[in-house]
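The structure appears below as structure tokens.
Each chain gets a letter, A, B and so on, in the order its sequence line appears, and its residues count up from 1. Treat the numbers as computed from the prediction; the structure is a model and nothing was measured.
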Amino acid sequence: MKPSPFEYVRATSVADAVKALAAHGDRAKLLAGGQSLIPMMNFRMVAPEVLIDIGNIPGLDEITIGDGSVQIGAGARHNVVMASDVVRQHCPLLADAYSHVAHFTIRNRGTIGGNICHHDPASEVPLVLTLLGASLVLAGPKGNRTVPADTFFLGMMETAIAEDEMLVRIDVPFQPAGEGWSFHEMSVRKGDYAIVCAAVRLTVKDGAFHDVRVGFNGAGTETKRMAGVEQALEGKPATDATIAAAVKVAVDLSDPSDDVQADAAYKRDLLSALGRRALEQARARASN
Amino acid sequence: MKTSVSLKINGKSYQDDVEPRTLLSDFIRHHAGLKGTHVGCEHGVCGACTVMIDGKTARSCLAFAVQCQDHDITTVESLGTQEELSPLQQGFWEKHGLQCGYCTSGMLMLATELLEHNPTPTRDEIREAISGNLCRCTGYQTIIDSIARAVEIKAGTALEAAE
Ligand SMILES: Cc1cc2nc3c(=O)[nH]c(=O)nc-3n(C[C@H](O)[C@H](O)[C@H](O)COP(=O)(O)OP(=O)(O)OC[C@H]3O[C@@H](n4cnc5c(N)ncnc54)[C@H](O)[C@@H]3O)c2cc1C
Ligand code: FES
Ligand code: FES
């Protein structure tokens, strides 16, 4: 299908884009890689009257090292983030999760900023950024503000970004040396949106789990991180029995629903299997 | 309201007055008249419309023509001619990599990108590279064979050139 008519504006800087957002209000939408927005426009699920193209803003795609964090420009394309040496070295969980995001061709165009602002509930990157404690830098008419990922991602396709704001940068703290981490996902075909995904970060000290962060997509819970599961692991012996108990908590806390891809019972099975695999792999990767 | 868009496709300029909502796929087919690029789903799922933007594969139904102003577009027409097939086209011809041909131009563009990054891919790497595109006819195995054959053809040509 074809999208509705719109007016096209090509922004040349962040300031330019923010000014255009202010001028056009809720009639306008930013266009980054277009890999989520254009399908929605082709289906006429959305019909913005003005599109502000931020795909040609110089520097918006830069990836640099900041103070203990990797700073990723919102315009960085998925494939570039995924292949970045800096990201692979300091935030391996993010690089690994990216291998499950869409297909190569989609990753050539799609941007990390667009992915985050679109916030599909099955999206991998919002989940791992929450676990990694990332900060999101938003530019608005009154200047910049920084929002932690914890409070940025609200409900399905909802974020804390205001209509007159634009995401400019994502700061991802380095994963500490010795930390264990893992990401596992099940989708109908490789590259499709996940039915369920599981992400884990933890350390192992004196035979016990510490600094545990566990989150899922597809569990039907309000938040991505599951505090109950983290508590079931924190300070406990790093054994298979602890993992089995924690995974059971995840299934008990979950509230998945049937959809076209899978029914709730299968999703519960996936939570259990993927949760266990991710915890075991994170334990194996953690240095004692 | 129409605006003037001028796109460089396969090194040649094509100009027309189009609406901003004109998809790149429609510009390529209806304004530039290059019908090798096919359109299946128009929402990014099938990959039939795959072209290259600035040397990287992209779904042309997920880009607007205006967006591509000042960017280089490459389509399947850039590969070979009926008289002189490119190694990939030759591989598809020899190994029956197509039946109806609807998916073929997209597959060829994916394979072109793959062989640029990785001139000697394994079968699994070929499988991964084409996994985003749908084919309703072949069952994919002959497409994988075709790309593997193109690698052999290229190697053979390189050998001949060296001799
Ligand atoms: C076939 C297919 C499979 C896919 N599979 C997956 C998958 O498995 N996992 C996954 O996570 N994604 C998947 N995607 C989506 C893909 O990752 C998109 O690239 C991404 O969701 C959106 O990024 P974009 O740059 O294309 O943004 P756009 O489509 O341009 O924009 C998306 C939204 O974000 C807003 N926006 C964009 N940039 C900014 C900014 N800097 N500040 C504020 N708002 C902004 C736009 O206004 C729009 O509302 C898939 C897409 C397709 C077509
Ligand atoms: S027509 Fe573009 S992906 Fe199907
Ligand atoms: S040959 Fe018919 S769709 Fe692939």
| field | Atom CZ of R285(A): over 12 foreign heavy atoms under 6.0 Å | value | yes
Show me the side-chain donor-acceptor pairs of residues 22-41 of chain A shorter than 3.5 Å, one per line, residues at least two apart or across chains.
residue, atom, partner, partner atom, Å
R27(A), NE, E49(A), OE1, 2.9
Q35(A), NE2, G33(A), O, 3.0
Q35(A), NE2, L62(B), O, 3.4

| said: For H43(B), is there any backbone N or O sitting under 3.5 Å from a side-chain donor or acceptor partner on N42(A)? | reply: no
| Contacting moiety of N79(A), where chain B heavy atoms sit under 4.5 Å | neither
| Does anything in residues 7-18 of chain B get under 4.5 Å of chain A by heavy atoms, and if so which residues? | none
| request: Pick one of side chain, backbone, both or neither for D26(B), based on which atoms fall under 4.5 Å of a heavy atom in chain A. | output: side chain
| Between L110(B), I53(B), D54(B), T3(B), which residue shows the highest count of heavy-atom pairs closer than 4.5 Å to chain A? | I53(B)
| query | Is there any residue in residues 66-98 of chain B with a non-hydrogen atom under 4.5 Å from a non-hydrogen atom of chain A, and which ones are they? | reply | V66(B), Q67(B), C68(B), Q69(B), D70(B), H71(B)
| message | Looking at S4(A), is its backbone amide N or carbonyl O close enough to the side chain of R21(B) to form a donor-acceptor pair, meaning the two atoms are under 3.5 Å apart? | response | no
| query | Hey, are the side chains of S131(B) and R189(A) touching, using non-hydrogen atoms and a 4.5 Å cut-off? | reply | no
| Top contributor to chain B contacts, counting heavy-atom pairs under 4.5 Å, from R10(A), R107(A), M1(A) | R10(A)
| message | According to salt bridge (charged side-chain N to carboxylate O under 4.0 Å, His left out), who are the partners of K190(A), at least two apart in sequence or on a separate chain? | response | E128(B)
| request: Check N108(A) against T57(B) and note the closest heavy-atom contact, atom names and distance. | output: ND2-O, 2.9 Å
| Sub-4.5 Å side-chain heavy-atom contact between F104(A) and H117(B) | yes
| Would you say R136(B) has more than 12 foreign heavy atoms packed within less than 6.0 Å of its CZ? | no
| message | Need one label for F6(A): side chain, backbone, both or neither, based on atoms under 4.5 Å from any heavy atom in chain B. | response | both
| task | Search all heavy atoms of R59(B) against all heavy atoms of H103(A) and return the closest pair with its distance. | result | NH2-CD2, 3.9 Å
| Criterion side-chain contact (heavy atoms from CB on, under 4.5 Å) on K56(B) and R109(A), from CA distance to verdict | CA-CA 9 Å; K56(B) 295 187 164 78; R109(A) 300 277 303 157; over 6 Å; no
